[in-house]
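Keep in mind that the numbers below use all heavy atoms, side chains included, and drop hydrogens, waters and symmetry copies. Residue numbers count from 1 along this sequence. In this text, all values refer to a predicted model and were calculated from it rather than measured experimentally.
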Amino acid sequence: MTLPVTSLHNHEFLHNTPSFDVDAPDVISALHKVALNVSMLFPGTDCIIALLHPSGRFLLTYTNGEIIQHPFTYAGSKLDQVLQSQQPAIVEDVAEQDELAREIPGFHGRSLLLLPLLNADICIGGLVVTGYEPRAFDDQAVRIGRAFADQAALSLMSVQQASSIQHWISEDQRYLRTILQTSSDGIALVGEQRHFIEANPAFGRMFALQPAEIEARSCTDIFGCNGDVKPACCLKGCMIEHALRHEQSVEYAEVDVTVQGAPRVLGLSVTPVALKDAPVCLVIARDMTAVRDATRSKAKFLSMITHELRSPLNAINGYLELLLTGVGGELTEEQHDFARRARAGSENLYALLEDLLLISRADAGQMRLNRELIFLPAVIDNAVEELELTAADNEITMRLDIADRLPRLYADAVRLQQVLRNLINNALHFTPAGGEVTISASLVKHDYSLSASLDDDDEPQQMIQLQVRDTGCGIDPVFQQRIFERFFQAPNERVGRAGGQGLGLAIVKMIIELHEGTVTVSSAPGQGSTFTCLLPCLSN
């Protein structure tokens, strides 16, 4: 049945009126206690509790232990006036005002005490006390009733809010449970003793176990850390233990595990969660086996194509070199220029193939460093010598600032020379004529181990700081985080002769991180750039 709309629906005081859940046992119990206390305060009376609905179309009345919904169609009546004015009122004799009896469902009696139920200036309804004799209420009854009505309103609101919160929590728990059960990502909780507390079905499937079989087992057992070959992410400490101890998330890591004799790759995110009882770790796992296999297939194909192209390019370069030396006959100046340009283009293509081959090996997990004890200044001298002519041709000054008595590095000299060559070549490309490129190396102390060690904080570690600084056009801050991405080249209208394929800095980052170091950039448009590599002095 459609209830009639009254003017009460438009009253502003209804805008903040809560909607009571009269089906909640706690709300019903609170209403019963209010009615019971009214009978104790005013013996020989009855009580009707009228709760407003935000729609303004009906009242929820509680009387004699029953809640009834009634259309509220008496806008402008005595009860309406009390609710709007938020002031109590007395009706001394209903017999003299018969119309008042009709506006309160369930009313029986001769006199009325009408009290607004207020909570923080919000009217939630009215409390109606009915007497069977006329003039049953006086000013003292009004004072007592008003104080009681305020307490009753506060109690009703508290119970309703608690009931709503409990309902939301129950709903949230149900939704959360549904998400956990249906998620394609493995989700698990690990306790302080590194034992699993709970796991969802997807997590169990990754290890060919039921969730109940995972619970109470240790993470070392599940991830295979007790075996002869430990996961790479745990070689320097347990990820979960580190997250719990330091109360901070651990960087995403990929773990190689063996499930029923088959190798698999899991991407793990470990985040500590503070609970009242004890801290736990949220572990989210994603099966990356298919992604890893696809990446390796792509890298294998790229490696094969690169190898196939290197042979004809070597032949082209060889014959062009013979042609330029005059073995095939004397060349005119114009022919010599054509051959020289062809060789330059061929060498650029060969360098690109070498970069692609290096990246494909890294993607396939075949990138290995040939480490030995090296002297960094010698590596710097070799890289600078290779590019001195390029700097001279472009009228750029190259300067060296190498500290005395640098310790030796346990590193791959060829790869570090490649890092320097890429950084210096980059600086030369983006520095105008008359500019300057400075290569420096010094010994510094760093407060945090760059090896991503998960052990307790150590003392500041000695590092070698290798910098390449230029006075070129600089890099916009928007692009500084992306310049280390593969094939990305920051747009720059000031420099027209910059070339390359956007692989140089990606290779620099890859090689430095293989040496357990870091590379960063500091730059501003028009103020040049400084690339800083930090390398550990001793890396076993």
**Report entry** Close side-chain approach of Thr530 and Asp470, heavy atoms under 4.5 Å
**Finding:** no

Query raised in the report: Measuring from Ile240:CD1 to Cys281:SG, what's the distance to the nearest 0.5 Å?
Result: 6.0 Å

Query raised in the report: Does CZ belonging to Arg310 count more than 12 external heavy atoms closer than 6.0 Å?
Result: yes

Requested in this report: For Asn394 and Ile396, indicate whether the former's side chain and the latter's backbone hold a donor-acceptor pair under 3.5 Å.
Outcome: no

Query raised in the report: Taking the side chain from Ser440 and the backbone from Ile402, do they hold a donor-acceptor pair closer than 3.5 Å?
Result: no

Query raised in the report: What heavy-atom pair brings Met398 and Ala391 nearest, and what distance separates the two atoms?
Result: SD-CB, 3.5 Å

Query raised in the report: Under 4.5 Å between any side-chain heavy atoms of Ile464 and Leu534, yes or no?
Result: no

Query raised in the report: Between Glu513 and Lys509, is there a side-chain N and carboxylate O pair less than 4.0 Å apart?
Result: yes

Report task. Any chance you could measure Leu387, atom CG, to Asn382, atom CG, to the nearest 0.5 Å? Result -> 11.5 Å

**Report entry** Neighbour count >12 (heavy atoms, 6.0 Å) for atom CD, Gln210
**Finding:** no

Query raised in the report: Hey, are the side chains of Val280 and Ile197 touching, using non-hydrogen atoms and a 4.5 Å cut-off?
Result: yes

Report task. Specify whether Phe531 and Phe484 have parallel, tilted or perpendicular ring planes, treating 30° as the upper limit for parallel and 60° as the lower limit for perpendicular. Result -> perpendicular

Query raised in the report: Are a donor atom and an acceptor atom from the side chains of Asp185 and Ser183 found within less than 3.5 Å of each other?
Result: no

Report task. Check whether any side-chain heavy atom of Ile380 lies under 4.5 Å from a side-chain heavy atom of Leu466, and answer yes or no. Result -> yes

Query - side-chain hydrogen bond (donor to acceptor under 3.5 Å, both in side chains) against Glu215, all qualifying residues, sequence neighbours excluded - result: none

Query - Spatial distance of atom OG1 (Thr289) from atom CE (Met206) [nearest 0.5 Å] - result: 9.0 Å

Report summary line: Correct closest heavy-atom pair for Ala339 and Leu320 would be O-CD2, 4.2 Å

Query raised in the report: Which pair of heavy atoms, one from Cys219 and one from Phe196, lies closest together, and at what distance?
Result: CA-CE1, 3.6 Å

Requested in this report: Determine yes or no for a side-chain-to-main-chain donor-acceptor pair under 3.5 angstrom, with Gln480 supplying the side chain and Ser523 the backbone.
Outcome: yes

Query - Working for side chain to side chain contact (heavy atoms under 4.5 Å, CB included), residues Leu535 and Leu409 - result: CA-CA 8 Å; Leu535 294 165; Leu409 285 176; 4.1 Å; yes

Query raised in the report: Can you tell me how far the CD atom of Gln181 sits from the CD1 atom of Ile187, to the nearest 0.5 Å?
Result: 10.0 Å

**Report entry** Nearest atoms (heavy-atom pairs only) where Val283 meets Phe203
**Finding:** CG1-CE1, 4.3 Å

Requested in this report: Answer with yes or no whether the side chains of Gln467 and Thr532 bring together a donor and an acceptor at under 3.5 Å.
Outcome: yes

Report summary line: Interatomic distance, CD@Glu388 vs CD1@Ile424, rounded to 0.5 Å, equals 9.5 Å

Query - Donor-acceptor contact below 3.5 Å, side chain Ser218 vs main chain His195 - result: no

Report task. Count the heavy atoms belonging to other residues, nucleotides or ligands that lie under 6.0 Å from OH of Tyr252, then report whether that count exceeds 12. Result -> yes

Requested in this report: Check Asp287 against Val265 and note the closest heavy-atom contact, atom names and distance.
Outcome: OD1-O, 3.4 Å

Report summary line: Nearest heavy-atom approach of Leu369 to Arg415 is CD2-CG, 4.0 Å

Query raised in the report: Would Val437 and Thr397 satisfy side chain to side chain contact (heavy atoms under 4.5 Å, CB included), going step by step from the backbone distance to the final call?
Result: CA-CA 6 Å; Val437 173; Thr397 303; over 6 Å; no

Query raised in the report: Do the non-hydrogen side-chain atoms of Glu385 and Asp381 ever get within less than 4.5 Å of each other?
Result: no

**Report entry** Main-chain N/O of Leu322 paired to Thr325 side chain as donor or acceptor, under 3.5 Å
**Finding:** yes

**Report entry** Min side-chain heavy-atom separation Ser529-Cys473 under 4.5 Å
**Finding:** no

Requested in this report: State whether the side chain of Ser158 and the backbone N or O of Leu154 hold a donor-acceptor pair below 3.5 Å, judged by distance alone.
Outcome: yes

Query - Donor-acceptor side-chain pairing of Gln418 and Arg421 below 3.5 angstrom - result: no

Query raised in the report: Taking atom CG of Leu423 and atom SG of Cys533, what is their separation to the nearest 0.5 Å?
Result: 5.5 Å

Query raised in the report: Would Asp401 and Ile439 satisfy side chain to side chain contact (heavy atoms under 4.5 Å, CB included), going step by step from the backbone distance to the final call?
Result: CA-CA 6 Å; Asp401 182 13; Ile439 301 96; over 6 Å; no

Query raised in the report: Salt-bridged, Asp256 to Arg264, with N to O below 4.0 Å?
Result: no

Query raised in the report: Is the shortest heavy-atom distance from the side chain of Arg286 to the side chain of Ile284 under 4.5 Å?
Result: no

Query raised in the report: Is a donor on one side and an acceptor on the other found under 3.5 Å between the side chain of Gln335 and the backbone of Thr332?
Result: yes

Query raised in the report: Salt bridge or not for Asp412 and Arg371, using N-O below 4.0 Å?
Result: no

Requested in this report: Compare all side-chain heavy atoms of Phe207 with those of Leu266 and state whether any distance is below 4.5 angstrom.
Outcome: yes

Requested in this report: Any chance you could lay out the side chain to side chain contact (heavy atoms under 4.5 Å, CB included) test for Ile475 and Phe430, step after step, and finish with the verdict?
Outcome: CA-CA 10 Å; Ile475 305 167; Phe430 290 95; over 6 Å; no

Report task. Under the side-chain hydrogen bond (donor to acceptor under 3.5 Å, both in side chains) rule, collect the residues that match up with Asp337, sequence neighbours excluded. Result -> Arg340, Arg341

